[in-house]
Amino acid sequence: MRYWLMKSEPDVFSIDDLARVRTEPWTGVRNYQARNFMRDGMGKGDGVLFYHSSCEVPGVAGIAEVASAAYPDPTQFDRKSEYYDEKSTREEPRWMLVDVAFKRKLKRTITLAELKDQTRLDGFALLQRGNRLSVLPVTKAQWDAILALE
DNA sequence: GCCAACGTTGGC
DNA sequence: GCCAACGTTGGC
């Protein structure tokens, strides 16, 4: 079992939205490194920190889990989707995703500011300069350190 | 294969 | 709304 962090803008899709729908296909990732983590790294049952980005209080808002193996993101084939990719084909899909299932909402959001204060989290990918990845790996030690703040 | 221009992310 | 970081695109 591995651990991950996945970013979502709460105005678009929040932890409460995930709680409502229970399981959500993680559509729209169009970054190769993030895709590779989903395609090659993730397995069913892996832990996911659900992170709210681009909002008033950025931070970890809940816990989810990987609920499927990777499969082609259907939005890449949909001409009407904002995620449509004309260079992708069904024979050779360019973009993959996993399903993400709700586990629980944290009692409170663990803020980015708090995470930055933790010396135990030095080296955490989320906190590295210029990081913009929307899907990134978390070690067991980092996972435990973050959730200990709840 | 280089690199300038451009677009996007995301914190502040 | 600003801006730093950085990935992608396309001309050469």
Side-chain angles (χ1 to χ4, degrees), chain A residues 2-21 24-42 46-66 70-139 141-150:
Chain A
R2 296 183 187 175
Y3 300 92
W4 309 92
L5 180 143
M6 297 173 90
K7 296 180 187 172
S8 186
E9 299 185 18
D11 294 346
V12 178
F13 190 80
S14 71
I15 188 69
D16 292 324
D17 293 321
L18 185 62
R20 207 169 300 123
V21 300
E24 178 75 4
W26 209 255
T27 55
V29 171
R30 295 294 180 268
N31 171 282
Y32 288 106
Q33 215 179 332
R35 177 204 66 185
N36 293 347
F37 283 136
M38 291 199 287
R39 187 186 63 188
D40 308 327
M42 285 189 179
D46 284 0
V48 174
L49 297 173
F50 193 103
Y51 180 89
H52 283 172
S53 68
S54 294
C55 57
E56 202 170 330
V57 185
V60 177
I63 298 176
E65 83 178 14
V66 177
Y71 63 96
D73 180 342
T75 64
Q76 71 196 300
F77 309 123
D78 179 0
R79 289 180 176 279
K80 285 169 290 187
S81 169
E82 61 177 313
Y83 301 124
Y84 176 66
D85 184 345
E86 60 177 10
K87 291 177 184 156
S88 186
T89 64
R90 287 184 188 274
E91 293 70 34
E92 277 185 80
R94 180 178 292 199
W95 304 110
M96 305 291 279
L97 55 66
V98 296
D99 291 342
V100 174
F102 179 76
K103 291 284 278 187
R104 70 181 179 90
K105 184 177 178 176
L106 297 192
K107 294 193 271 293
R108 61 180 194 88
T109 294
I110 299 169
T111 68
L112 176 62
E114 288 176 82
L115 298 180
K116 284 179 176 169
D117 280 343
Q118 297 293 312
T119 50
R120 287 184 67 194
L121 293 176
D122 288 352
F124 182 32
L126 180 75
L127 305 179
Q128 270 157 23
R129 200 176 129 91
N131 165 64
R132 301 184 320 181
L133 269 183
S134 61
V135 176
L136 49 93
V138 178
T139 67
Q142 289 162 351
W143 175 277
D144 291 340
I146 292 163
L147 292 180
L149 299 171
E150 187 180 1

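Model, not experiment: these values are computed from the prediction. All chains are named by letter (A, B, ...) in the order of the sequence lines, taking the proteins before the strands, and each is independently numbered beginning at 1.
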*Which residues pass the side chain to side chain contact (heavy atoms under 4.5 Å, CB included) test with A/E150, sequence neighbours left out?*
A/R104, A/L106, A/K107, A/I110
*Grab the CG-P distance between A/D85 and B/dT8 for me, whole Å please.*
14 Å
*Report, as yes or no, whether the 6.0 Å neighbourhood of atom CZ on A/R39 holds more than 12 heavy atoms from other residues, nucleotides or ligands.*
yes
*Protein-nucleotide distance (A/D11, atom CG; B/dT9, atom P), rounded to Å*: 14 Å
*Check A/I146 against A/L115 and note the closest heavy-atom contact, atom names and distance.*
CG1-CD2, 3.9 Å
*In whole angstroms, how far is the P atom of B/dT9 from the CZ atom of A/R30?*
12 Å
*Would you kindly give the CD-to-P distance between A/E82 and B/dG7, to the nearest whole Å?*
17 Å
*Which nucleotide in the set B/dG11, C/dT8, B/dG7 lies at the smallest distance from any side-chain heavy atom of A/Y32?*
C/dT8
_Atom pair distance, as rounded to whole Å: CG in A/N131 and P in C/dC6_ = 9 Å
*Output the single nucleotide from B/dG7, C/dT9, B/dG11 whose closest atom is nearest the side chain of A/R132.*
B/dG7
*asked:* Please check: side-chain N/O of A/D17 versus main-chain N/O of A/S14, any donor-acceptor pairing under 3.5 Å?
replied: yes
*Let me know the distance between CG of A/L136 and P of B/dT9, rounded to the nearest Å.*
15 Å
*asked:* Can you measure A/N36 atom CG to C/dG7 atom C1' for me and round it to whole angstrom units?
replied: 14 Å
*Compare the minimum distances between each of C/dC6, B/dG10, B/dC12 and the side chain of A/K7, then state the nucleotide with the smallest one.*
B/dG10
*Report the distance from atom CG of A/L115 to atom P of B/dC12, rounded to the nearest whole Å.*
11 Å
